[in-house]
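Take a look at the structure below.
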Amino acid sequence: MNTINDRSKILKEFVPANDDDMIICRCEEITKGEIRRAVHDGMFTLTEIRRYLRTGMGLCQGQTCSKLVRGIVARELGVSPAELEPATSRAPMRPTEMRVLGKEVR
Amino acid sequence: MGNRCADVIVIGGGIIGNAAAYYLAKRGCSVIVLEKSDHLGDGGSSRNGGGVRQSGRDKRELPLAMYGIKNLWPTLSEELETDVEYCQDGNLRLGKTEEHMKILSGLAENAQSCGLDVRMISGEEVRDICPYLSDEVIGASWCPTDGHANPMLATLGFYKKARELGVRFITGEEVTAIRKIRGKARQVITKENVYEGENIILAAGLKSREIADTVGVDIPMQPALLECLVTEAEPEMFGQMLGTAEADFYGHQTKHGSFVFGGSSNFEGFNKDNGTPVNSSITASCICRGIMKYFPSLSDAKIVRTWAGWMDLCADKVPVISKMEEVPGLILACGFSGHGFGIAPAVGEQLSEMVVDGSTALDLTALRYDRFQAKI
Amino acid sequence: MRIEEHPILGRTEKGKEVSFFYDGKPVTGFEGEPIAAALKAAGVMVHRHTKKYGKPRGIFCAIGRCTDCVMVVDGRPNVRTCVTPLKEGMRVQTQYGISAEKTKMKG
Amino acid sequence: MKRYDLIVVGAGPSGLSAAIEAAKKGMNVIVFDENAKPGGQLFKQIHKFFGSKEHKAKIRGFKIGEDLLKEAEDAGVQVVLNATVIGLYLDKEITVRIGDEIRHYKGDAIIVATGASENMVTFDGWTLPGVIGAGAAQTMMNLHGVQPGKKVLMLGSGNVGLVVSYQLMQAGCEVAALVDAAPRIGGYGVHAAKLARCGVPFYLSHTIVKAEGEDRVTGVTIAKVDQNWQTVPGSEKYFDADTICLAVGLSPMSQLLKMAGCEMEDNPKKGGQVPLCDKYGETSVKGIFVAGDVSGIEEASSAMIEGRMAGTAAACELGFMNEKERDEKLAALEEALESLRQGMFGPENKGKLLKKTDEGCDISMNLLENGYLGEEEVKQYPGVTKTIGIHPVMECTQNIPCNPCQDACPKNCIKIGENITSLPAVDPDAQCIGCGMCVAACSGQAIFLVNEQFEKDYASVTLPYEFLPLPEKGAEGKALDRSGNEVCRAEVVEIKTSKAFDHTNLLTIKVPVDMAMKARFFRAS
């Protein structure tokens, strides 16, 4: 459900960390530092992070990284991961060739 | 909760609202943006096909498109410090039959009369520009200054910069009404709060109709579902924005390598709604079949995601971008009818002029709210 | 390494032995087993190098979800080798970015 | 469009169970599964299951899968494999990829039983080839007959980490260490004990710092973590390894339900995003049900019961069963589910550190921290007694829902009683005949037969053995204690194999009499 979220909320200052270059989204090769930075750029929801950085937009569609990204964003925002709604799931559940998706049998 | 008063209250945190907020803040206005969704740019702004084109547009909005492409898009990435993936490799509107060619040359002539460089080219010329197109394509209209960009990044880029400039964005804040105070639109009522501004910009897509209704204004628009899909990353093939005479599909290859295509099944006017923009079970397959006729070599490309979005389809298919003299203080920017993305930076800038200068550099008379007249 | 005999499962039933090409070199495997299994048995660990940073990747989930094990198979990139059955004569190539050619890597 | 009374997505334990239940009531049922083999994760499970007879205890996972599939076929369920459901749309319509086509189907009811996916953790080098999920290891070795690696380090001490480590050893791999950031082992103590006595070291309160290697894993560095989960400098340890296996939990694979517009909640107790549903698995979208891990991470045994509940509820909703019959059925199933959720590892006790068993015995901290029972600790449990002649020693020290040992003994030596989670006790009046049925029946491999009067100065210890090569009678070697240390010379005096033992061999070794309560494993020299 929609909850009021003031985006001018002051976050703790961005402090670079040792593991900022750790790959989090394996498909799109997005690092922890990029995710943390994006939160400070104002991307407060997992959907915005995904649209801004492409986390979870690769071949696997976030099957591996979504929980990891959520943990990082939650920490940066100082909230519990459970408060962050995962991005929407979309068909097809597995990558599907155009020639296959275009061949329907009813 | 902080201050709920500002020079301008923008209703709708899509690319129109965000761009307006950005240009307003740049000119020193205090702005609050209210967005119903939990996410900024969650409507059409993040769901469209990314076209930044002039060709194929209605004459009335063409000046906005031409202005934006000339003056705003080329430097937008630097301006927003966000790579919006703007690519100006031209736009091909493809035709497969003589009937198609007729439609296309009609549109081209229209645009030429406004001074746009757009011309009709043959099938061979089309394949010189984009060699992957099938022989079924017999010609196209070609506009070399058109292009595409990443809608999500452009929308969030405006947001990021506007926020940096001090614009207050509040998400999850659903506006229920605008309230006049002493004859002037001044208060914006949400489910839990009341905001106040000298000016109110209503840029809430489809929702604008309901909200405008609270001050007795009606904009004739209706919902229509558009669907898009995206493939896995493919080797770099071509940079053009593509469309077809019959609008079977439209799309482009992104900087990332994936192809984004939009299209329709012809049942868009009748799609059911379960509260979320939900894809229909038949459209993605239909779009794929459409694409493969034009690009046989993409048949092995894998679709990784499909999505849908409701567009605010205006009765005459161009937006309302207009001050409301009847309701002083209220500015409308809605009804973009599925092609608002490409003109969004220009619209944002013009809206800021409307507020700050009282008038706009571009003549937007044809997009006024009171243009809707009965046919006879 | 293949498990010849397993204390619980006994001897694994294998399909017909087939040969295929891994980066041009002939390798044998069993028909119908996932390409990744045949490669693993042949000691191949690196399936691809990533697009942005050129980092090596191999099998990760082995059930077709993570897509880390994709390779160029019979000329097509991004084929999930852990769920694609092996066939006689298949051409399996290390994937660089989204191509079988190392030179096409960006950066 | 082709329409079924019931469409089930996923042919794992819960999906098949749901389909069976519905088909038995006359429903036209189809099951789709994206895999080439049905049974979901069951086909990778080669260990004997816990539980009671009704829960298919002491049967190996893959066999349960085969049985379920047969039952489904007999009930008239159509199971379509290599069929990936790629979308769940309005009006309970699904699209399925079968071969190179997309098919549309509608169901009057849909049961989503898509199971779970593995969680991952990050550390320096976690993307290197050789870092794999525990499920990947199982898939490679148990389905495809290929070793995931030669030398494996396992991260995660939950049941998955423990069971897969053991399976790795059965597949001929070496397990270098088992590491977990938690201060205590998360899975069943008996699973840990199986590993410890083979010499696998446990590093609790440790985590992986780095996977070493250029283009593949060549080693691992681990380090101790403090209470704030930060690594303690100077505590690093290095292991040679070519494979790092991650077993750090599962998440419900609920994407289809989210797509379908079911109301979701984030429930850490259930492992993540799950649909809101009623007691019998119906979601907020009428006619869409869930069962198994997708509705909350649990064991395969409970998934089967949940499947039956959802199948029953769907059958009643569509008029294939009246409310009375449904309520009776559901009540019985609920009772069975409740019994599985009892004990130390039940949902209620999740995350709690219990100090005592239901019987009042101290819980072995050594077991929780190192994977094995201390020599003194073991004596306090009701299954550990001393008598003249051969007798069972049951090193079963945690209240878990499991009781096959009780039925296994033809002489009724073993008593668990009404409560399935009680620790097994030895009946002092019954006479053990040394048949070994209990040793083979114990899914936790925690029962040994000890005879301290085997020969003068020598005792015999009979232990379960599920490795190859099987030592021969007369083989010489070393006896290992519960921690995997070599404690004395040992000679194999008897090997028993039997169909009734279901691939668990009984190895009897001869050790000096003072080693009778120490020697718990045999290593041939």
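First the proteins, then the strands, lettered A, B, ... as listed; each starts at 1.
Only the side chain of B:Thr231 comes within contact range of chain A, with at least one heavy atom under 4.5 Å from a heavy atom of that chain. For B:Ile291, the part sitting under 4.5 Å from any heavy atom of chain A is the side chain, from C-beta outward, and nothing else. If you measure heavy-atom distances from B:Glu174 to chain A, you find no contacts under 4.5 Å at all. In this structure, the portions of A:Glu104 lying under 4.5 Å from any heavy atom of chain B include both its backbone and its side chain. Proximity to chain B is limited to the backbone of A:Arg94, based on heavy atoms less than 4.5 angstrom apart. In this structure, chain A has a heavy atom under 4.5 Å from the backbone of B:Val167, while its side chain stays farther away. For B:Phe169, the parts lying near chain A are the backbone and the side chain together; criterion is any non-hydrogen pair under 4.5 Å. Heavy atoms of B:Lys36 lying under 4.5 Å from chain A belong to its backbone as well as its side chain. Contacts between A:Met93 and chain B at a heavy-atom distance below 4.5 Å are absent for every atom of the residue. Interface remark: B:Phe259 contributes no atoms to any contact with chain A (heavy atom separation under 4.5 Å). Of the two parts of B:Thr306, the backbone and the side chain both hold a non-hydrogen atom closer than 4.5 Å to a non-hydrogen atom of chain A.
Nearest heavy-atom pair across A:Pro95 and B:Lys302 is CB-CD, 3.8 Å. Across all non-hydrogen atoms, the minimal contact from A:Glu48 to B:His39 is OE2-CA, 3.2 Å. The shortest heavy-atom contact between A:Pro92 and B:Ile303 is CG-O, 3.4 Å. Across all non-hydrogen atoms, the minimal contact from B:Cys288 to A:Met98 is SG-CG, 3.5 Å. Closest approach of B:Arg163 and A:Lys9 over heavy atoms only: NH2-O, 4.3 Å.
Inter-residue side-chain proximity for B:Thr82 and A:Asp41 is flagged as unmet; no heavy-atom pair is nearer than 4.5 Å. Contact annotation: the side chain of A:Arg7 never approaches that of B:Glu35 to less than 4.5 Å [non-hydrogen atoms, C-beta and beyond].
The residue among B:Met152, B:Lys161, B:Arg305, B:Glu164 with the most heavy atom pairs within less than 4.5 Å of chain A is B:Arg305. Ranked by non-hydrogen atom pairs under 4.5 Å with chain B, the options A:Met43, A:Lys103, A:Arg54 are led by A:Arg54.
Within a 6.0 Å radius of CZ in A:Phe14, other residues, nucleotides and ligands contribute more than 12 heavy atoms.
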Would you please test B:His256 and A:Glu28 for side-chain contact (heavy atoms from CB on, under 4.5 Å) and show each step?
CA-CA 9 Å; B:His256 164 260; A:Glu28 294 296 316; 3.0 Å; yes

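Put simply, CG on B:Leu40 and CZ on A:Arg51 are 10.0 Å apart, with the number rounded to the nearest 0.5 Å. In this structure, B:Met292 CE and A:Arg99 CZ are separated by 9.0 Å, a value rounded to the nearest 0.5 Å.
A donor-acceptor contact shorter than 3.5 Å links the side chain of B:Thr171 to the backbone of A:Asn5. No donor-acceptor pair closer than 3.5 Å links the side chain of A:Tyr52 to the backbone N or O of B:Leu156. Here the side chain of B:Asp38 pairs a donor or acceptor atom with the backbone of A:Thr3 at under 3.5 angstrom.
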